[in-house]
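Step one of this worksheet: look at the structure below.
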Amino acid sequence: MDDSSTKMGRWQGAGLMATTLLGTGVFILPQMTIDIAGYGAVYTWLLLTLAIIPVTVVFGALTAKFPHAAGPAYFVEQAFGQVAGRSIGLLFLFVVPIGAPAAILLTFHFVHALIPLSAQGLLAAELGSLLLLFALNYKGIQISAKLQFLLTLAIIIVVIALFSIIQFGLTADESVSQTYSTVLSQEKIQPNLIMTAAGLAFWSFLGVEAMSHLANDFRTPKKDMLPAMMIGTVLVGSIYFLCTWVLLRMPMPTDIVASNLPSSNLAMINAFNYGFGDFGAQVIGILGIAGGLATVNVYTASLSRLAWSFSKDGVLPRYLSPLNQHNVPSRALAAVLIVMGLVIVLAYVANRELEDLIAWVNGVFVVIYFASMMAAAKLLPKRYQPLIFLGCLFCALLAYGLGLKMVYALLLLCLTLPFLKWQQTHLARE
């Protein structure tokens, strides 16, 4: 089936891109960066948004020129050969064991804010959400793309309303002595903490590369892919910046000391309650759950497409290669969701820290982004070279910010490259 009516246009793609990036972190990550960098979190989000723009342009140009379900793996293969390309693809597949539970855990922070559940109840709800993801993807990503465009609009409206109320509508409440920003701005801004916060906040921009797997789901990828990605990226960076500013401008009651800055529970819920009454848990909770599932939904679609592509190439079992009547690799989709379910259970048993999971995932994507930038240096016209250089610099700075958390990604790379080299040699002999 190649009916253009079943595919995405520019604005649907922008909505899909925006909710992918907003998804699990929009109401949590600003709070976490403030906890790390204090007032420097403002600079973290500003610099990160500016730095991701060249990367987005390069990914958009690569995707428009080489639309393929394997995304970055295909770009690297075209530039450096089959082994290098497939190693990047396997890195993307291997990030599921850590990325899926991290995304689901972030999402279900909001479920707990809405409906207090036991640990076992949360686990059951997390596993149940995977069935919903299967249903959403079974008929193709374009259906959820329409829903996610509406979700993006809802998140934007809420964030702008909060910003307006807290920035311009502060009341002369006698119980309020000052805002968090007046306390935090008195502390010395430390560049190393800004870089550490950026290493964590990079999670918010994971999705730029995921869109490249969905190029064939656009009606005209050469015309619409880059604008959709740019609109989504700039929009998301602005929203994260506004959310951070809202939290810093939150009034601080006189009985709260500076050591109790917005790290208790979900600060965005408190901000909503201050601005609009006691409905924060409901509104922020519902948007947080929907946004989180939207992100996992796009990654599910991307991974199933990549697994399908690899099954056709013989890297993964041929069992995953059939497409259903909606042109969706349903077997690969089911396999990805089963792996996610198993890992969620293991993460529950091991009780891993959320920050560690996010940092390990970010390390893998730093490697994927850097490899894509290097591929772009060979594949794209020379006019893109300055942007490619900025993209490489961005990756190097993120790697520095992540520090030892990069070990997981480098270990995976050291394991996949020899395996794929052996597989290539073995198949050639046969």
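In this chain, numbering begins with 1 at the start of the sequence shown. In this text, all values refer to a predicted model and were calculated from it rather than measured experimentally.
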Only pairs under 3.5 Å count here: list side-chain donor-acceptor contacts from residues 410-418, not counting sequence neighbours, and write none if there are none.
from   : atom 1 : to     : atom 2 : distance (Å)
Thr416 : OG1    : Leu412 : O      : 3.1
Thr416 : OG1    : Leu413 : O      : 3.3

For the student: nearest non-hydrogen atoms of [X] and [Y], plus distance:
{"X": "Ser304", "Y": "Pro329", "result": "O-CG, 3.8 Å"}
{"X": "Tyr408", "Y": "Trp360", "result": "CD2-O, 3.9 Å"}
{"X": "Ala399", "Y": "Met406", "result": "O-CG, 3.8 Å"}
{"X": "Gln82", "Y": "Glu77", "result": "CA-CG, 3.7 Å"}
{"X": "Cys243", "Y": "Val159", "result": "SG-CG2, 3.8 Å"}
{"X": "Leu303", "Y": "Met340", "result": "CD1-CE, 4.3 Å"}

To the closest 0.5 Å, what do you measure between [atom1] ([X]) and [atom2] ([Y])?
{"X": "Arg305", "Y": "Leu333", "atom1": "CZ", "atom2": "CG", "answer": "10.0 Å"}
{"X": "Ile28", "Y": "Ser204", "atom1": "CD1", "atom2": "OG", "answer": "12.5 Å"}
{"X": "Ile52", "Y": "Met230", "atom1": "CD1", "atom2": "CE", "answer": "10.5 Å"}
{"X": "Met268", "Y": "Thr244", "atom1": "CE", "atom2": "OG1", "answer": "9.0 Å"}
{"X": "Arg86", "Y": "Phe419", "atom1": "CZ", "atom2": "CZ", "answer": "10.0 Å"}
{"X": "Leu46", "Y": "Ser238", "atom1": "CG", "atom2": "OG", "answer": "9.5 Å"}

- Sorted by chain and residue number, the side-chain hydrogen bond (donor to acceptor under 3.5 Å, both in side chains) partners of Thr44 (sequence neighbours excluded) come out as none
With sequence neighbours excluded, residues passing side chain to side chain contact (heavy atoms under 4.5 Å, CB included) with [X]:
{"X": "Leu342", "value": "Ile338"}
{"X": "Val158", "value": "Leu162, Phe272, Val283, Ile284, Leu287"}
{"X": "Phe163", "value": "Gln167, Phe168, Leu242, Trp245, Val246"}
{"X": "Glu126", "value": "Ile104, Leu105, Phe108, Leu122, Leu123, Ile344"}

- Query: Would you call Ile34 and Tyr39 a side-chain contact if the rule is heavy atoms closer than 4.5 Å?
  - Reply: no
- Item | side chain to side chain contact (heavy atoms under 4.5 Å, CB included) assessment of Thr49 paired with Val234 | CA-CA 7 Å; Thr49 301; Val234 173; 5.8 Å; no
- Are the side chain of Thr63 and the backbone N or O of Phe59 linked by a donor-acceptor pair below 3.5 Å? yes
- Message: Is it true that, when you exclude Lys421 itself, more than 12 heavy atoms of the residues, nucleotides or ligands shown sit nearer than 6.0 Å to its NZ?
- Response: no
- More than 12 heavy atoms from other groups under 6.0 Å of CZ on Phe134: yes
Per-pair distances, 0.1 Å, donor-acceptor, side chain in residues 362-381, under 3.5 Å, sequence neighbours excluded:
from   : atom 1 : to     : atom 2 : distance (Å)
Asn362 : ND2    : Gly199 : O      : 2.6
Asn362 : ND2    : Leu200 : O      : 3.3
Tyr369 : OH     : Phe205 : O      : 3.3
Tyr369 : OH     : Glu209 : OE1    : 2.5
Ser372 : OG     : Ile368 : O      : 2.9
Lys378 : NZ     : Ala79  : O      : 3.0

- Task: Applying ring-ring contact (aromatic ring centres under 6.0 Å, His included), name anything that partners Trp45, two or more places apart in sequence or on another chain.
- Result: Tyr240
- Quick one: do Leu127 and Val345 satisfy side chain to side chain contact (heavy atoms under 4.5 Å, CB included)? Show the steps, please. CA-CA 8 Å; Leu127 295 175; Val345 173; 4.2 Å; yes
- Message: For Leu48, run the side-chain contact (heavy atoms from CB on, under 4.5 Å) check against Tyr43, Phe241, Phe394 and tell me which one passes.
- Response: Phe394
